[in-house]
Each structure stands twice: as structure tokens, then as C-alpha cells.
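First up is the structure itself, then whatever we jot down about it.
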Amino acid sequence: MDDALNFRFTKAERLSSKKKIEELFAKGSSIYLYPFRLVYIAHTEPAPHQLLISVSKRNFKKAVDRNRIKRLIRETYRTNKHLLSASESKYRLALIYTAKEIPEFKHLNQKLIEILSRLKNM
RNA sequence: UAAGCAAGCCGUCUUAUCGCUGCGUAUGCAAAUACGGAGAGGAAAGUCCGGGCAGCACAGAGCACCGUACUUCCUAACGGGAAGGGAUGAUUUUGGUGACGAAAUCAUUACAGACAGGGCCACAGAAAAUAUACCGUCCUUGCUUCGGCAGGGAUAAGGGUGAAAAGGUGGGGUAAGAGCCCACCGCUCGGCUGGCGACAGCAGAGGCAGGGUAAACCUUACGGGCUGAAAGGCCAAAUAGGUUCCGCCACCUUCGGGUAAAGGGCGGCUCGUCCUUAUGCGGAAUGGGUAGGCUGAUGGAUCCAGCGCGUGAGUGCUGGGCUAGAUAAAUGAUAAGAGUUUCCUGCAAAGGAAAAACAGAACCCGGCUUACAGGCUUGCUUAUUUU
RNA sequence: GCUCGGUUCGUCUAGGGGUUAGGACGCGUCCCUUUCACGGACGAAACACGGGUUCGAUUCCCGUACCGAGUA
């Protein structure tokens, strides 16, 4: 599977099972790099990397703001996920946005590249 | 032309690249791929009302509880809306000695009942509701130092208090007073007329028959069964357990049991002793049902136009259109350009900078409330200019 | 998504039409003590916001904002 230049983000790449999410938060490890907290766990199923994005309702009261941030994060992951394709094991990931301001795309992009590189070098 | 008010409408656009979710077509067993076309709002918000829809409950009636409250109408329904009535307030004009009345315009109005019943009305005040008279006014008796003092009685006109003081004004009357009497204003009552009705008008009777509070209890009338799509319906892995069927047990028996065998515990091992052995083991089928999936679920009290009815909210007919359907939850990101507004430079042309609101569907509708940069249209009022 | 409840000194609370809005802890000043603590006296300090009903509202009604709880 050569997905080095695959910028798609399909349903299979989203983490939506309640059980798997509970397992991820119960057993997973985490990396903190402002403004993100990344929770991850390796899995052995044939599925690709799976991602969940979370923005707290406590920090952003308006649904418009939460949607905006989640969309920005999804775009940055979509354009940078090839960084993980060289990795041997497959991960389940949860990206939690912890800052209290609405971010700029460029800044977010740079931070996401940093945190994905760290995960890759684990 | 400018400002204000009211009503209605809009509330960024284009291109390129990379993406997301349905739908249609084609290929494919399928996963998926390709092409085409679609993809947030006026409030999607708050969840304050009402309805559809669904499950459960239900003979009928009453009580309790909750809600609503001028009238008529609109509507599927409403606590929403329309038209009207009353009340209150403001302004202008006007009548009257006065109390107060009349007309016009504008604004506000949760506006049933206080004679069904009790309850409450702080402080102040004599008294706060069946008037125990504080000051005062008047009559009278006694005393008097002639200034008054004390007692008995009449009096709600005046003072003062209060949010509110027991109809008001003018006159007569009286010892002083008082609807005690009269006129007017107001009030109450029944009648007639107009209006579907709220109510209005007219003439008459009654000296007036008694404060406020029901967004406190309450009374009356009307309405309300409870629960919400996380409702409800369907399909259905793996594991465990349920049911049914099949297979698997050494011998004797007087059917109570006995002997043997297998496995396990105690024990270093043998012996010994104890426990278990069809309520078991294996296989197949099957019902419920978990994860998960499908449905509910997007064509409707629908939208647009025309004609008609109605003062209006609305409504009838005809023609045309299809306009999001996600589910850890799509509708996006980046770049360039255009347009709008504001500011700066500039005579101008133009250039530069900044801003672009409130806000994101979650079963669906009808309302209400709240938030909102900027713009457009119509009507009314005021001001200015031109003809 | 749906359904309930609450908001009173800095904090925790009482009060449910007329109050000087009460109490505890905390804070400040003074007294006591050689000093601190304890104790005593005095003081400052609050009804979320906007309308309405009423003579009068923290209290009753409506709306807004914020906080919290329940429900798979």
C-alpha cells in the first residue's frame, strides 16, 4: 500500500467506535505539545491509522468555533499524514486541542508536523 | 436630497488545486473507482409555547394538580396572530364659576370576578374598614384669679398623617355641621335602542348602598392522560448461558446397594484415606439478545407565480418547481482576483492599509424571545433645494 | 438532544411583600498578654441583570446572562 501521496481522509481513517475510543483513553500513552495533546495506541488490525479530533466545549462555547477548529486540524492531518506512512506499526490517535484561542492555519500546520515527527521517532 | 420610524427583502462573489457527505449513471462478486449534479440559517440559537409522529395507559364521571383569562375571528393547534372594545397616560383644541366634560392625534395595556368566602394592608396617623373623635367647631353644666379649666353632649365641614381617610363642585340649611335638602358631575340599578359580541347611546329610578390587594389564597369559565426519536420497528457477529435432538457409562443386584475403573486432594513415593463421575462431556439445530448495522429520516399544515374572496390575520382555485440529510456527526482548507464599507495620501485620476456581523441543521413543522457589520425596496413624518 | 434546579458580604449560608437583610469562618482597628495564640469590644463588606404587578419587590410574574444536576 503506497499512500505517500494520498491526501484523502476517508471514513475508515476516522475513529468512531465507542469501544475503541474507551480502550484508547484507558490504555493509550500521550504526548503533550502545545496546543495539542496526542493520545495514541498501536493496533494490529488491517485498518489504517485512525484519528479522532476533540475540541472542548468548556473552552469554546459556540459550535461555530468548535467546528472551525476541528476542520482546520483535519486539514492539517490530511496534508501531513504521509509522515506516519513510513512507520511500522499502525496507530489509533486522538488529537485534543487544549488552547483557548482560535488558531491560524500555518501555525497549526507547523505544530502538527512537529508532534507527528515525535510520534514517528518513538 | 438628508434624518427618524414602521414593514418587507438580502446578508459577499469568481477561478484554480487538494478534500468531505448523500444522490444518479457506468464498471465491479464486493470493497471501491470514474463521470455528472446537489450540499446550513434568518435566526439553524434559547428550548418559552403549540402541533404532527411514535410507544404505553384508557367505560364514563368527579376530585386533585398544572395552564390560560376583554370580545369576535384566523389556524392542525397555540400562551401566537388579525380586527375591534374598554381603561390609563401625553399633546392640542374646546365648553363650564367649579367639580369636570367633549373632540382629534399618539403611546401603553397579563384587561374575568373584591356583593362567594375568609386573609393581609408595615411606618405614620384619632381612626386602615361595622369609624370608640387627636387638634378643631358648636351647645350646655359647674368652678373661676375672667386668661381659662373640668364634666356631659352634638359634629366627619376644616387641620395634620398616609400609597389610600369613607363620593365631588356650587348653593340652601343649621347652634355648629352633615346627601340633611336642591342643581350639576360621578356612581349604582333595572329598561329600551344599536351591535354577532366586548360595549356604546338614550331616557328613567335611587341620596349613594361601604378603600386596596386575585403576577397572595380563592371563585368562575375553558383547556390539559403520561413519555419523547437516546421514542418505536427490523436484521444480527464473537463469547457465555437457555431449549431441543443425537452420541458417549464395566459388572452384579432381592433396585436398598455393592464391587471395580477414571480423574483430583492430602503425601517425597507406595500403601492408605477423602471427594467427583449423566444436574456430566462432545456435536448439531434453534429462540431471546449484546457489539454493530438498517429503518424511523426528509415530498411537506412545502415553495413560487397568477386570479378570486376577506378591512385583516388568512383562505380557495389553476399552473409550475423539488430545495441538506450528517450520525464521535459532512457542507472545508490554501492561493489569487473582484465587489462593499471605513481611514490615509492626492485638485482629480488613482494608490496604500484595515474591516466584513450574529452565528452551524441533528425527526419535522407553526409561532414567540434573544443576537446581528452592512446594504436594498416601499410607506409615513420632519427639514432643505429646484420647478 | 431532552428535562429539572439555582444565583444574597471575600467564602458557606438564613430570610419567601414593610427587616438597620441575620449568622459562622475570614478581614481591619482597639483591649487583654513581656510577645504570639486564645478570648473580648467595635467596624467594613452582599440581594446576577432588565422590565412589569403593587403604595412598597431580595421575596410575586416575564425575559436575559451565568452556574449546576439528571437522563444512554
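In the text below, chain A, chain B and the rest are named by the order of the sequence lines, each starting its count at 1.
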List the steps, then state whether side chain to side chain contact (heavy atoms under 4.5 Å, CB included) holds for A:T76 with A:F105. CA-CA 8 Å; A:T76 55; A:F105 179 79; 3.6 Å; yes

Stepwise, does the side chain to side chain contact (heavy atoms under 4.5 Å, CB included) test hold for A:I73 with A:L108? CA-CA 7 Å; A:I73 294 172; A:L108 206 62; 3.9 Å; yes

How far apart are the C-alpha atoms of A:L119 and A:L38, what are their side-chain angles, what is the distance that settles it, and do they pass the side chain to side chain contact (heavy atoms under 4.5 Å, CB included) test? CA-CA 9 Å; A:L119 177 65; A:L38 177 67; 4.1 Å; yes

Please report the C-alpha distance between A:L33 and A:R118 in whole Å, then the side-chain angles of each, then the deciding distance to 0.1 Å, and finally whether the side chain to side chain contact (heavy atoms under 4.5 Å, CB included) criterion is met. CA-CA 10 Å; A:L33 177 77; A:R118 263 211 235 177; 3.2 Å; yes

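When the C1' atom is used for both B:rU68 and B:rU91, the distance is 37 Å, rounded to whole Å. Rounded to whole Å, the C1' atom of C:rU11 lies 49 Å from the corresponding atom of B:rA291. B:rA76 and B:rU71 have their C1' atoms separated by 24 Å, given to the nearest Å. C:rU54 and B:rA54 are spaced 47 Å apart, taking the C1' atom of each and rounding to whole Å. Only the P atoms considered, B:rU174 is 15 Å distant from B:rC139, to the nearest whole Å. When the C1' atom is compared between B:rA354 and B:rA333, the two are found 24 Å apart, to the nearest whole Å. B:rG223 and B:rG197 have their P atoms separated by 23 Å, given to the nearest Å. Rounded to a whole angstrom, the distance from the P atom of B:rA329 to that of B:rC294 is 15 Å.
Listed here is the closest heavy atom pair of A:R68 and A:I102: CG-CG2, 4.4 Å. Pairing each heavy atom of A:E13 with each of A:P48, the nearest pair is CG-CG, 4.0 Å. Residues A:L72 and A:P103 share a closest heavy-atom pair of CD1-O, 3.9 Å.
Nearest to the side chain of A:S16, among B:rC18, B:rA291, B:rA328, sits B:rA328. Of the listed nucleotides (B:rA329, B:rA328, B:rA333), B:rA328 has the atom at the smallest distance from the side chain of A:I21. Side-chain atoms of A:R71 lie closest to B:rA40 of the nucleotides B:rA40, B:rC20, B:rA333. Side-chain atoms of A:R8 lie closest to B:rU33 of the nucleotides B:rA328, B:rG22, B:rU33.
Rounded to whole Å, the distance from NZ on A:K70 to P on B:rU327 is 13 Å. In this structure, the CD1 atom of A:I53 is 12 Å from the C1' atom of B:rG332, given to the nearest Å. Taking atom CZ of A:F7 as the reference point, atom C1' of B:rU17 lies 11 Å away to the nearest angstrom. As a whole-Å value, the separation of A:K20 NZ from B:rA328 P is 13 Å. Between the CD atom of A:E75 and the P atom of B:rA330 there is a distance of 13 Å, given to the nearest Å. Summarising the geometry, the separation between CG on A:L112 and P on B:rA333 is reported as 17 Å, rounded to the nearest angstrom. If you measure from atom NZ of A:K57 to atom P of B:rA45, you get 12 Å, rounded to the nearest angstrom.
By the rule that a glycosidic angle within 90° of 0 means syn, B:rA209 counts as syn. In this structure, B:rU105 shows a glycosidic angle more than 90 degrees from zero, which is the anti conformation. In this structure B:rG321 sits in the anti conformation; its chi angle is more than 90° from 0. Glycosidic conformation at C:rG63 (O4'-C1'-N9-C4 for purines, O4'-C1'-N1-C2 for pyrimidines): anti, more than 90° from 0.
Pairing for B:rC35 is with B:rG24, a Watson-Crick or G-U wobble pair whose two hydrogen-bonding atom distances lie under 3.5 Å. Pair assignment for B:rA291: none, as no Watson-Crick or G-U wobble contacts are both less than 3.5 Å. Using the Watson-Crick or G-U wobble rule with both distances under 3.5 Å, C:rG10 pairs with C:rC25. Shown here, B:rC184 forms a base pair with B:rG168; the pair counts as Watson-Crick or G-U wobble because both key distances fall under 3.5 Å. Remark: B:rU71 base-pairs with B:rA83. Criterion, Watson-Crick or G-U wobble with two distances under 3.5 Å. In this structure B:rC149 sits in a base pair with B:rG142, meeting the Watson-Crick or G-U test at under 3.5 Å. Pair assignment for B:rC202 gives B:rG191, based on Watson-Crick or G-U wobble hydrogen-bonding distances that are each under 3.5 Å. For C:rG16, there is no paired base (Watson-Crick or G-U wobble, both distances below 3.5 Å).
Counting heavy atoms from C-beta outward, A:L112 and A:L95 have side chains that approach closer than 4.5 Å.
Taking A:Y77 as the reference, A:F9 meet the ring pair (Phe, Tyr, Trp, His ring centres under 6.0 Å) condition, with sequence neighbours excluded. The side-chain hydrogen bond (donor to acceptor under 3.5 Å, both in side chains) search around A:R78 returns A:E75, not counting sequence neighbours. Qualifying ring pair (Phe, Tyr, Trp, His ring centres under 6.0 Å) partners for A:Y40, counting only residues two or more places apart in sequence or in other chains: A:Y91.
Annotation: of the two residues near RNA chain B, A:L15 and A:R74, the 5′-most nearest-nucleotide partner is A:L15.
A donor and an acceptor atom sit less than 3.5 Å apart, one in the side chain of A:R78 and one in the base of B:rC18.
Near RNA chain B, defined here as any heavy-atom distance below 4.0 Å, the residues from residues 59-69 of chain A are A:K62, A:A63, A:V64, A:N67, A:R68, listed numerically. Remark: A:F105, A:K106 in residues 94-106 of chain A come within less than 4.0 Å of RNA chain B through at least one heavy atom.
In this structure, the separation between CD1 on A:I69 and OG on A:S54 is 10.5 Å, given to the nearest 0.5 Å.
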Could I get a table of every N or O pair under 3.5 Å where one atom is in the protein and the other is in nucleotides 70-72 of chain C?
none

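The shortest distance between the side-chain N/O atoms of A:K11 and the OP1/OP2 oxygens of B:rA31 is not below 4.0 Å.
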